[in-house]
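Structure, as structure tokens:
Each residue takes its place number in the sequence, starting with 1. A quick note: this is a predicted structure, and the numbers were derived from the prediction, not measured.
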Amino acid sequence: MSSTPLAIETHDVRRIYKIRGGKRKGEAKTLIALDGVSLEVPRGELFGLLGPNGAGKTTLIKILATLLLPSSGTAKVDGLDVTTQTQEVRRRISMVSGGETSGFGLLTVEENLWMFARFYGLDNKTIKSRLAEMMQMVGIYDRRSTKISDLSTGLRQKMNFIRGFISDPSVVFLDEPTLGLDVTAARDVRGFVKDWMAQNPDRTLLLTTHYMAEADELCDRLAIIDRGKTLICDTPENLKRRLQSETIFHLKIQPLRKPTSPENVVEAVPGVRSVTIADQTDFSELRLSLQGEEALPAVLSHLSGRGSGLLSLEKREPTLEDVFIQLVGRRLDEDTNLNGTGEER
């Protein structure tokens with residue numbers, strides 16, 4: 001790690017939830033949301049967290065944003081302890097979550113943002129200057145007099161972005177910021193993030209996302225976490241380089257019947273390192289990681305023997321999703337683990 005001051009630092013952070021109605025013989029049922037997470041994020045970095053639902057991403061962000069206390073371990077933001085220096089941390093941070101509905105529907109975009117800016121303690125002159133610039137940056141200046149209740153989801157999220165950045169925070173937490181947005185709105189949001197980081201090289205941003213391409217495009221480094229543990233932390237390029245010794249194929253085949261024996265699974269074919277299968281209505285999708293292309297004929301023969309003809313085949317360069325699958329064993333959107341309380345961790 002460089003000598004650059006750390007904007008975010010966690011050491012062995014754990015968070016344990018007690019699940020309601022989980023008592024048996026006097027013992028309360030618990031769930032470990034974070035299991036010893038240690039991270040260092042230098043100032044000026046755009047850092048990403050990738051993980052399936054229930055991995056602990058949102059729990060970690062809530063701890064760093066002083067909305068939750070860790071069960072054990074330490075966490076610092078901008079050099080301040082989130083447990084003992086809560087108010088000082090809150091003055092330096094901001095948080096934006098995808099799908100949130102902040103604001104008052106009867107007020108206009110400009111009125112809402114002006115109100116939040118005053119909450120942050122900004123003077124009127126500063127507010128006027130920043131609001132005009134930021135509304136133009138995200139493309140909602142022409143909607144500044146529109147009531148919040150009349151905004152689309154994408155426009156409301158753009159307004160939330162301005163709210164999160166208008167106080168010029170030292171550290172910004174973005175939790176699934178493009179969730180539910182259409183392609184155009186998501187692209188505008190990503191563009192705003194890149195521009196803001198370029199204009200403020202001493203600021204830090206922590207991003208969680210379910211979109212691999214978004215993480216690849218935006219993040220300087222990222223960590224993959226699962227079941228409350230950090231599996232790996234590196235740059236997107238270095239993570240993808242881990243798989244350059246493997247050959248990745250994506251296949252569409254006729255629906256794959258369940259194997260009748262351990263020897264009948266695709267993984268049993270010599271040269272297959274890993275495989276994930278996604279069953280669709282009329283076909284199955286396979287993602288294969290092979291030791292080399294020479295293993296492919298045996299795989300196709302195996303599939304044919306199981307009554308699954310080949311519909312299409314594509315060789316691909318390793319992606320972040322391939323790295324994720326190798327480490328976690330499933331795709332990012334494959335499951336919906338919840339924390340036992342009906343909410344995502």
Side-chain angles (χ1 to χ4, degrees), residues 1-20 22 28-51 53-98 100 102 116 119-121 163-165 167-177 202-209 221-231 233 337-345:
M1 189 64 63
S2 70
S3 58
T4 304
L6 296 177
I8 298 171
E9 181 180 5
T10 69
H11 178 70
D12 199 26
V13 169
R14 290 169 59 87
R15 173 68 190 189
I16 300 175
Y17 289 97
K18 291 184 178 180
I19 300 176
R20 295 186 295 269
K29 189 176 181 181
T30 60
L31 178 106
I32 300 175
L34 294 175
D35 193 9
V37 173
S38 297
L39 292 173
E40 292 185 352
V41 180
R43 189 172 297 164
E45 189 169 70
L46 201 166
F47 188 85
L49 285 178
L50 287 179
N53 289 335
K57 307 184 302 297
T58 297
T59 296
L60 180 58
I61 278 190
K62 286 183 176 180
I63 288 174
L64 294 171
T66 73
L67 300 177
L68 278 178
L69 291 173
S71 300
S72 62
T74 59
K76 293 183 178 181
V77 174
D78 215 22
L80 301 169
D81 191 288
V82 300
T83 301
T84 62
Q85 297 172 289
T86 302
Q87 293 303 320
E88 291 90 338
V89 171
R90 290 178 178 175
R91 293 189 185 99
R92 304 187 186 196
I93 66 172
S94 186
M95 180 175 175
V96 179
S97 298
E100 65 178 313
S102 60
F116 280 114
F119 288 163
Y120 287 123
R163 175 189 56 76
F165 286 86
S167 63
D168 194 25
S170 296
V171 181
V172 180
F173 301 104
L174 299 182
D175 191 16
E176 306 283 359
D202 60 335
R203 301 298 192 252
T204 307
L205 194 150
L206 190 148
L207 166 76
T208 75
T209 179
R221 288 189 309 137
L222 57 87
I224 295 177
I225 66 175
D226 187 33
R227 295 181 172 88
K229 291 181 177 291
T230 305
L231 303 182
C233 180
N337 282 333
L338 299 177
N339 64 14
T341 64
E343 300 176 352
E344 185 179 341
R345 291 202 295 238

> Sequence neighbours excluded, which residues qualify as side chain to side chain donor-acceptor pair (under 3.5 Å) partners of Thr208?
Replying inline: Asp175
> Should Leu206 and Val171 count as side-chain neighbours, where that means a heavy-atom distance under 4.5 Å?
Replying inline: no
> Can you tell which of Leu50, Ile225, Asp226 makes a side-chain contact (heavy atoms from CB on, under 4.5 Å) with Leu231?
Replying inline: Asp226
>> With rounding to the nearest 0.5 angstrom, report the OH to CG distance, Tyr17 to Leu34.
In response: 7.5 Å
> For Asp168 and Arg203, what are the C-alpha separation, side-chain angles and deciding distance, and is it a side-chain contact (heavy atoms from CB on, under 4.5 Å)?
Replying inline: CA-CA 9 Å; Asp168 194 25; Arg203 301 298 192 252; 2.9 Å; yes
>> Can you confirm whether Pro169 sits close enough to Tyr120 that some side-chain heavy atom of one is under 4.5 Å from a side-chain heavy atom of the other?
In response: no
> Can you name the salt bridge (charged side-chain N to carboxylate O under 4.0 Å, His left out) partners of Asp78, sequence neighbours left out?
Replying inline: Arg43, Arg92
> Does Gly44 offer a backbone N or O that forms a donor-acceptor pair with the side chain of Thr204 under 3.5 Å?
Replying inline: yes
> Is there side-chain contact between Leu64 and Phe173, with at least one heavy-atom pair below 4.5 Å?
Replying inline: yes
> Any side-chain heavy-atom pair from Arg221 and Pro42 closer than 4.5 angstrom?
Replying inline: yes
> What's the shortest heavy-atom distance between Ala75 and Ile63, and which atoms?
Replying inline: CB-CG2, 4.3 Å
> When rounded to the nearest 0.5 angstrom, what is the spacing between OG in Ser170 and CD1 in Ile93?
Replying inline: 10.0 Å
> With Arg14, which residues qualify under side chain to side chain donor-acceptor pair (under 3.5 Å), at least two apart?
Replying inline: Asp35
> Can you tell me how far NZ of Lys57 sits from CD1 of Ile224, rounded to the nearest 0.5 angstrom?
Replying inline: 11.5 Å
> Rounded to the nearest 0.5 Å, how far does OG1 of Thr58 lie from CG of Leu67?
Replying inline: 11.0 Å
> Taking only residues two or more places apart in sequence or in another chain, which ones pass side chain to side chain donor-acceptor pair (under 3.5 Å) with Glu9?
Replying inline: none
> Where is the tightest heavy-atom contact between Val96 and Gly164, given as atom of each residue plus distance?
Replying inline: CG2-CA, 3.7 Å
> What's the spacing between Leu207 CG and Leu174 CG if we round to 0.5 Å?
Replying inline: 6.0 Å
> For Thr66, what residues pass the side chain to side chain donor-acceptor pair (under 3.5 Å) criterion, not counting sequence neighbours?
Replying inline: Arg90
>> Return the OG to NZ distance between Ser97 and Lys62, rounded to the nearest 0.5 Å.
In response: 8.0 Å
> side-chain contact (heavy atoms from CB on, under 4.5 Å) with Thr74: which residues, sequence neighbours excluded?
Replying inline: His11
>> With a 4.5 Å cut-off on side-chain heavy atoms, are Ile61 and Met95 touching?
In response: yes
> Is the closest side-chain heavy-atom distance between Pro70 and Arg15 below 4.5 Å?
Replying inline: no
> Short question: side chain of Thr59, backbone of Ala33 - any donor-acceptor pair under 3.5 Å?
Replying inline: no
>> Side chains of Leu60 and Leu39, heavy atoms from C-beta outward: is any pair under 4.5 Å?
In response: yes
